Number of protein chains: 2
Amino acid sequence: MPPVAPTLKDVALMAGVSEITVSRVVRNKGPISSDTRLRVTAAIDALGYVPNRAAGSLASAGAPLIGVLLPSLSNIVFPEVLRGIQAALASTNYQSLVGVTEYDPVVEQHIVSSLLAWKPAALIMTGFDHTDATRMMLAKHDVRVAELMDIDAEPIDIAVGLSHRRAGYDSGRHLIQRGYRRFGYVGHDWDADRRARRRYNGLCAALAEAGLSLTAESRSPHASSTRAGKETLKALLLDAPKLDVVVFSNDDMAIGGFFHCLEAGISVKEELALFGFNGLAIGQDLPKPLSTVRSNRFLIGKTAVERLLGAAETSDHRRVIDTGYEIVEGATA
Amino acid sequence: MPPVAPTLKDVALMAGVSEITVSRVVRNKGPISSDTRLRVTAAIDALGYVPNRAAGSLASAGAPLIGVLLPSLSNIVFPEVLRGIQAALASTNYQSLVGVTEYDPVVEQHIVSSLLAWKPAALIMTGFDHTDATRMMLAKHDVRVAELMDIDAEPIDIAVGLSHRRAGYDSGRHLIQRGYRRFGYVGHDWDADRRARRRYNGLCAALAEAGLSLTAESRSPHASSTRAGKETLKALLLDAPKLDVVVFSNDDMAIGGFFHCLEAGISVKEELALFGFNGLAIGQDLPKPLSTVRSNRFLIGKTAVERLLGAAETSDHRRVIDTGYEIVEGATA
DNA sequence: CTGTTAGCGCGTTCAT
DNA sequence: ATGAACGCGCTAACAG
């Protein structure tokens with residue numbers, strides 16, 4: 001076990017060529033005779049040579065790295081985005097440096113700063129909520145930047161996601177069209193999750209347009225969760241028993257609501273309709289598939305990487321990429 | 001927007017000191033007079049200096065990086081482990097380089113190789129299932145290695161997790177003690193998830209010890225999911241209607257089973273008891289909290305990082321760290 | 001407490 | 001098709 005990793009020089013020596021030739025073989029760059037290529041690759045295998053990326057990045061100014069900043073890993077939505085990112089990265093030689101901000105722009109700022117220290121090719125962030133200092137750093141260090149999930153604001157570089165305002169609005173239209181009139185809303189912490197608020201605003205706009213408004217609403221101060229959904233719906237129904245439908249800030253909350261109905265003996269849809277957001281797999285496996293809006297989390301992550309890395313190849317230079325959403329009819333509304 | 005990042009030299013020039021002095025201030029290393037420290041930090045702020053980590057790693061042989069290899073991000077369990085890792089990392093200046101193996105040791109091998117290229121301080125992997133080539137690389141490049149989730153085998157360096165065999169065994173003992181006799185088992189793809197098989201073996205051992213055996217069992221060829229649990233239980237009950245209790249390979253599967261019971265009008269626990277594994281939050285929010293075994297995923301990730309980075313500080317040099325598990329009584333068994 | 005010298009391993013540039 | 005020289009930005013090892 002020689003804890004001394006072989007370098008270009010070792011490979012060069014063994015293959016009887018110069019270092020730069022080995023470097024060319026490794027990177028598949030420049031003309032190499034198939035003969036020397038053979039000898040070099042043989043030496044590489046024999047020595048178990050692994051290029052030192054730190055050295056490579058230093059020499060070439062820029063690392064094959066993508067910084068990924070996620071607000072949270074507790075909300076299943078972000079691992080799914082990360083999954084899309086990883087899937088797209090798998091076919092490249094880029095790797096991901098992952099940090100979690102806990103929805104705090106100041107934490108985000110610190111992470112951006114330490115990620116930038118690696119001279120990554122791009123940064124993937126969530127939402128549009130950054131400190132001025134963050135924006136300044138981003139401007140100075142020429143990295144590509146993708147802001148994910150939302151497209152309701154002006155991006156720094158590119159944005160990939162969906163319009164949460166429109167999604168909320170369309171949810172409202174859809175439900176009104178299906179005959180619902182007495183709307184309840186059950187939400188979670190808005191300060192952290194700005195997108196939930198945008199959907200709420202869209203929903204209210206749709207109601208207003210139809211001459212309606214929310215009959216009752218309640219917001220949990222906590223992060224979204226099944227439990228929060230369950231308890232918040234319970235609380236809401238104590239105050240305002242006469243509702244047709246309850247729109248939840250997302251599927252987690254809605255599933256909690258569904259469970260509450262099961263426990264309270266409320267017949268879902270017949271007595272009270274439920275509507276979510278995200279289209280999580282588990283919601284579709286409930287005894288009654290949840291009516292909701294499918295956001296395309298995996299696609300968002302995947303698309304972001306493709307756009308960030310493939311910029312030159314495509315002629316498509318949109319700054320805002322709408323990955324869309326679809327209303328999932330389900331059986332709860 | 002000057003796309004030319006300032007370097008140590010720029011800071012040194014501005015502060016009227018040498019580069020190494022700036023370097024010392026940045027790293028908080030070696031004695032520095034508070035006067036020069038002040039001037040240097042002022043210059044750093046003024047220029048917006050961010051150290052180049054690639055250069056630092058090259059010079060000092062070794063990067064403040066932890067490579068993290070996860071088999072999947074679809075199974076909620078691994079994001080939770082990652083959460084623990086990130087939480088522990090937050091208070092250090094280490095960052096995580098994340099890769100996903102899709103349960104394939106060959107993919108794992110490629111990722112290990114590219115991670116090693118950064119000279120990380122440590123690698124966090126899952127399970128004990130690695131190719132020979134992977135083991136060889138690990139031996140050569142002196143990195144710390146943690147193998148997570150399982151402690152039922154001999155680790156390369158350290159292992160952090162729980163004994164799945166014992167967890168399965170204890171589940172069996174627990175259920176037998178509660179009077180169950182006719183056991184069913186509903187599982188998922190074992191080839192990918194070796195730990196599920198270990199739990200199964202433990203369960204069977206407990207049954208055998210009590211002179212019992214599985215009355216019926218069925219395994220989905222797919223990855224674990226609510227849907228797979230639902231469908232597999234349904235199939236199982238067609239063949240073997242007379243069961244007291246069904247043990248599932250994990251909570252996702254068990255929750256699916258719960259949903260099947262709801263749909264089929266089977267009274268959970270009274271007619272058929274259900275038992276899971278993991279102790280996911282959502283299982284505890286079902287109308288009847290799921291009876292299961294709590295694995296401590298967050299703790300596993302967090303502990304691994306602490307052990308890997310804090311080795312010198314603690315006198316605790318165990319190679320195997322048991323993060324334990326607890327039986328969660330619930331209301332479904 | 002501060003500076004000098006040397007070089008980490010590689011890629012760029014220019015030659016041959 | 002191949003190579004030599006140089007330097008990327010930083011830190012280790014010594015001075016002083």
Side-chain angles (χ1 to χ4, degrees), chain A residues 3-41 43-44 47-65 93 114 116-121 141-142, chain B residues 3-41 43-44 47-65 93 114 116-121 141-142:
Chain A
V4 54
T7 71
L8 268 194
K9 195 199 294 186
D10 301 316
V11 178
L13 240 46
M14 185 168 197
V17 296
S18 72
E19 299 183 29
I20 185 62
T21 299
V22 179
S23 172
R24 285 184 179 125
V25 171
V26 170
R27 287 173 300 145
N28 245 318
K29 210 169 186 186
I32 298 286
S33 80
S34 54
D35 173 49
T36 63
R37 155 169 282 118
L38 226 60
R39 302 215 316 288
V40 169
T41 50
I44 288 176
L47 294 173
Y49 168 72
V50 175
N52 181 327
R53 300 252 193 211
S57 310
L58 223 210
S60 64
L65 245 29
N93 46 38
S114 36
L116 251 19
W118 291 103
K119 310 284 170 196
H141 295 238
D142 82 321
Chain B
V4 53
T7 71
L8 267 195
K9 195 200 295 186
D10 300 318
V11 178
L13 240 47
M14 185 168 197
V17 296
S18 71
E19 299 182 28
I20 187 66
T21 300
V22 179
S23 172
R24 286 182 178 126
V25 170
V26 169
R27 288 174 299 147
N28 244 319
K29 209 171 187 186
I32 298 286
S33 80
S34 55
D35 174 48
T36 63
R37 156 170 281 119
L38 227 59
R39 301 216 317 288
V40 169
T41 50
I44 287 175
L47 293 173
Y49 169 72
V50 175
N52 181 328
R53 299 249 195 216
S57 309
L58 222 212
S60 64
L65 245 28
N93 46 39
S114 36
L116 250 20
W118 290 104
K119 310 285 171 198
H141 295 239
D142 82 321

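Reminder, nothing fancy here: chain letters follow the sequence lines and each chain counts from 1. Note that this is a predicted model, so its numbers are computed, not measured. Side chains are part of it too, since the values below use all heavy atoms of this structure and drop only hydrogens, waters and symmetry mates.
The side chain of B/S33 contributes no N or O atom lying less than 4.0 Å from OP1 or OP2 of C/dC1.
Helix-axis bend for the helix from C/dC1-D/dG16 to C/dT16-D/dA1: the local axis fitted to the five terminal pairs at one end deviates from that at the other end by 20°, rounded to 10°.
Counting only heavy atoms from C-beta outward, the side chains of A/P64 and A/P120 never approach each other to under 4.5 Å. Put simply, the side chain of B/R37 does not reach to within 4.5 Å of the side chain of B/V17, judged on heavy atoms.
Applying the salt bridge (charged side-chain N to carboxylate O under 4.0 Å, His left out) definition to pairs two or more places apart or across chains, those involving residues 15-36 of chain A are A/D35-A/R39.
Shown here are the side chain to side chain donor-acceptor pair (under 3.5 Å) partners of A/S114, two or more places apart in sequence or in another chain: there are none. Applying the side chain to side chain donor-acceptor pair (under 3.5 Å) test to A/S60 and every residue at least two apart in sequence or in another chain returns nothing.
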Inset, instruction - Go through the steps for B/K119 and B/H141 under the test side chain to side chain contact (heavy atoms under 4.5 Å, CB included), then give the verdict. - result: CA-CA 8 Å; B/K119 310 285 171 198; B/H141 295 239; 4.1 Å; yes

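In 5' to 3' order, the nucleotides of DNA chain D bounding all contacts with chain A (an atom under 4.0 Å from a heavy atom) are D/dA1 to D/dG9.
Between A/R53 atom CZ and A/N93 atom CG the span is 6.0 Å, to the nearest 0.5 Å. Rounding to the nearest 0.5 angstrom, the gap separating the OG atom in A/S18 from the CG atom in A/L13 is 11.0 Å. Atom CH2 of A/W118 sits about 4.5 Å away from atom CG of B/L65, to the nearest 0.5 Å. Taken to the nearest 0.5 Å, the CG atom of A/L38 stands 12.5 Å off from the CD1 atom of A/I32.
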Inset, instruction - Any chance you could list the contact pattern along nucleotides 9-16 of chain C? Use B for base contacts, S for sugar-phosphate-only contacts and - for none, protein heavy atoms under 4.0 Å, 5' to 3'. - result: BBSB----

